[in-house]
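Read through the structure below, which is laid out as structure tokens, and then see the notes.
Reminder, nothing fancy here: chain letters follow the sequence lines and each chain counts from 1. Hydrogens, waters and symmetry mates play no part in the numbers below; they use all other heavy atoms, side chains included.
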Amino acid sequence: MLKDTYILGVETSCDETSAAIIKDNKVLSNVVSSQEVHEQFGGVVPELASRAHIRLVTPIIDKAFKEAKISKDQLTGIAVTYGPGLVGALLVGLNFCKGLAQSLNVPFIGINHIEGHIYGNFLSNPEITFPHLTLIVSGGHTQLVLMDKHLSYNIIGKTRDDAVGEAFDKGAKLLGLPYPGGPMIDNHAKEGDSSFHKFPRAFLKGDNFDFSYSGLKTSLLVYLKDKTDVFIKSNFSDICASYQEAAVDVLVIKALNAAKKFKVKSVGIVGGVAANSLLRKKLAEEIIQHKMDFFLPDYQFCTDNAAMIARAGAERLSAGIESGMSLNAYPSLKLNQ
Amino acid sequence: MDTNVLIEIKARNESDTKGFAEESLIYFKAGDTILLFGDLGSGKTYLTKLYGQMLGVDIDVTSPSFSIINQYQGDVLINHLDFYRVQNSNELFNLGLDDIFNMNSINFIEWPQIIEKQINWDHYRIYIEFVDENPSSRYFKLISMRN
């Protein structure tokens, strides 16, 4: 149980610069750069601006303190993402936090970005029960992670090629939608008939929970090759619905099978693709029908954010775990490393 | 730059593709950069996965489209990059990705169009094209670029 902890979380692993302050399980502030830059530039988010961590890290951390209405001496710890991600990006947050922790003389802890995503779900649902299965689905990750208790991770399945978010984004591109267009497929699919075309479901040979999504993308490419623009346009929603269902079916079946095999009490979905409406609906139905609990994070904790890093940090620091000042950034950090 | 076509084949199936991977890999050594050209779904990541396996990487080589760079330790250090979602080459320098050219690694780069003009030293290019009649057939072309 967390008690009287004030944790600053910082996340700079990829596109977003983000800082957040949480008190125990309560988010006092959660500032994310794309939203800030969005306000500054009035609608258009230049990619370069969104990735300019060095320029953004100080104002964003300042803003997090201002919104949380606490002073820096009230902090009881600092948590920062140290992998996986781009090394140049990770180092910005990591070095800033090392310096701040030293000057404030508070404990400091490095957090795995994926662990952060899992703890984003605990922010929204502190009542999550163990054993707990998390399906992590985003542009860069597709994993099934089993937890018997806090901070204990067993990766039971992962993608062997593309992440499911990539199948959505690149599928959208093949359909002529702008990149990244995953959420647009979801919107079009709502008006479509998913039985229009049967795209392949990749279940892979043998008894495993791994995923493969590059074949689905290629099957869409092959399917579209001999279709006219008129055909694609007039059946657009149906094609989107069929494609989306092929991607989601595999996630739902694998997650359900894993949940049953490992006899978990609860299942959660985290990451950007956790916002997909079909995935949320189908997996929730299956899990609840099999008498397990189902937990989803609030939307703000699905995409990259620092509140989830702060929450994972609070858990580690409360368990007496700290990082040393020699901690380095690890671009390909594994969850149970 | 002088261009020299080293291999040009039509692969009809997976086994032909593996053949191309084996034959082309003979040319690559630590410090080399290979630019991979080909449309979405043409198999750039799949080809890199084959190179990874042949170079002794014991984990799955997965798509770097989101992460931009994945690094693997095989018999030699491998950097697998993908600039699909990068819009401006300045970003790569901001992120320190130009370091890969001094790592004595083999660098495979998907969607290299935004930096191809800046690579003005010796390197290799692979072009992958679809063959119309069969969804699993591909043309592969390996080219060396020399000053």
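- Residue B/Asp82 touches chain A through its side chain alone, counting heavy-atom pairs closer than 4.5 Å.
- For the side-chain hydrogen bond (donor to acceptor under 3.5 Å, both in side chains) test, no residue two or more places apart in sequence or in another chain qualifies with A/Ser138.
- Proximity to chain A (any heavy atom under 4.5 Å) is shown, for B/Tyr72, by neither the backbone nor the side chain.
- At least one test fails for A/Lys217 against the ring of A/Tyr213: distance under 6.0 Å to the centre or angle within 45° of the axis.
- Looking at residues two or more places apart in sequence or on another chain, you find a side-chain hydrogen bond (donor to acceptor under 3.5 Å, both in side chains) between A/Asp210 and A/Arg160.
- The two residues A/Phe209 and A/Lys254 have their closest heavy-atom pair at CD2-O, 3.7 Å.
- Contacts between A/Ser214 and chain B at a heavy-atom distance below 4.5 Å are absent for every atom of the residue.
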